[in-house]
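Below, chains carry the letters A, B, ... as their sequence lines are ordered, and counting in each starts from 1.
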2 protein chains.
Amino acid sequence: MSLDFVPLKNPTHLAPVTTADKVYEQLLHQIVSGKIRAGSKISEPELAKKFEISRSTLREALNRLEKCHLIERKANVGSRVVDCSIEGLLELYITREALEGMACRQAAMNMTDDEIVSMREMLEEHGKQQDLKDGISYYQEEGDVDFHYKIILGSHNQQLINILCGQLYHLVRMYRIQFGMKSSRATRAFQEHSQIIQAIADRDGELAEFLMRRHIAASRKNIERKIAEQI
Amino acid sequence: MSLDFVPLKNPTHLAPVTTADKVYEQLLHQIVSGKIRAGSKISEPELAKKFEISRSTLREALNRLEKCHLIERKANVGSRVVDCSIEGLLELYITREALEGMACRQAAMNMTDDEIVSMREMLEEHGKQQDLKDGISYYQEEGDVDFHYKIILGSHNQQLINILCGQLYHLVRMYRIQFGMKSSRATRAFQEHSQIIQAIADRDGELAEFLMRRHIAASRKNIERKIAEQI
DNA sequence: GCAACAAATATTGTCGACAATTACACAAAG
DNA sequence: CTTTGTGTAATTGTCGACAATATTTGTTGC
């Protein structure tokens, strides 16, 4: 299996230099996209052979996946991909609400004017795409993630950035893909994004946090509602 | 170097089964306590020899330290212990404020009555010790951590538990030890703890989160003040 | 047919050696 | 004296093999 192509999008992302890095990226993508099924057992010998690397190198890659909580290891038993459950999804969103809310508050305090301008431009761009496609759209989904990434980075808080971009957002993307979560409240979400940016531009940290928390909570409740309907 | 003695206190803690587990615990303790200095470079051959294990096993242990952000690795360069900076400490407390605030809100919603009783008992115990020693005390410091651990666990949210107990609190303890942070507001903190438990017992999640955030923010501001004085 | 135990198989953990990369020491040039 | 370049030494990354543990298979007894 080739190790070249890089299928990743993450602001924390560094260029992969070592073999284990590249395998890690491949596996990350395959898990997030569901090509390696959630909850499935990982066979070290099997994967090592598939990637044509030694088990040591593969284990190094697995360690990094474990670091972002995409797999879980038990001593002398092995690794499993985390499984996607509704409870897990809700817990994830609650955690996001806390962290991104604070990140948003910090962003209002710490973002440079340039960063704010750049966010406004991005939002405009998203608005145009929304005009064209309205409803569901790949760009909306990716656009949403981009928006959140920029705010997180804008907090200038390395702890928040590491936890959110380095760990939680891989899971967020995984759930989005595997549960087929298209937002269904795109125009609404776009408005909320605008409000949030305005609060940041006004340097109103308290409001910015409040709005971000409401934004994520709304998204969570939307999911809860859908789940309830399916029963 | 012997690998037997277990010097750890963490609710997420599982019995170490593998050699790498034991070495990880030893290193964790040595880093948190400052025996291995913050910011210092880690030599794999040197440490492996000291523990009388192979480099592979040591690297396995290092991977776990990296997982809780106690060391940082650069490809082809090596590992360093994270260094303790004032900015890092403040960022840590801001992150704690967000996460523990939410954990406290969830605890108010999800704790069982038994858990609440158990918290009350613990607080009483701490109160007695405070009567005796008043001022600075080992028990106060450990008691404070115990209090926070219990609330985090009470959230019943695995994400919050993992991030806080598995990652952030190692850093918290490291900073406490290395910066010699004795609270200096012990009686005040005790009162705040009481208030928080009351809010949880009343199932008032909103108030519980508010109080916990104020509690941690006060602690952070206390640190900022001390730092300012030293200049 | 089912349960409990035993042997065989497969998987994970650990080891030591080699390859690739980086850091260091020293010499030569400006 | 500083700086640049080169060669050596040290460190990290990767590999394949062996040991320890878990899982599966097969067998025996009821």
Looking only at the side chains, is there a donor atom on one of B/His215 and B/His193 sitting less than 3.5 Å from an acceptor on the other?
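Yes, B/His193 and B/His215 have a side-chain donor paired with an acceptor closer than 3.5 Å.
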Assess, by modelled atom type and distance only, whether the side chains of B/Gln159 and A/His69 contain a donor and an acceptor separated by less than 3.5 Å.
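There is no such pair between these side chains.
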Between the side chain of A/Glu115 and the main-chain N/O of A/Thr112, is any donor-acceptor distance below 3.5 Å?
yes
Check for a donor-acceptor pair, side chain of B/Glu44 on one end and backbone N or O of B/Arg55 on the other, with a separation under 3.5 Å.
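Checked: no pair found.
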A correct 5'-to-3' footprint of nucleotides 13-23 of chain C, with B, S and - meaning base, sugar-phosphate only and no protein heavy atom under 4.0 Å, is BBBB----SSS
Should A/Lys41 be listed as having a side-chain N or O under 4.0 Å from OP1 or OP2 of C/dT12?
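True: A/Lys41 side-chain N/O within range (under 4.0 Å) of C/dT12 OP1/OP2.
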Measure the distance from CD on A/Glu46 to P on C/dT11 and round it to the nearest whole Å.
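Taking CD of A/Glu46 and P of C/dT11, I get 9 Å after rounding.
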Charged N to carboxylate O under 4.0 angstrom, A/Arg80 versus A/Glu72?
no
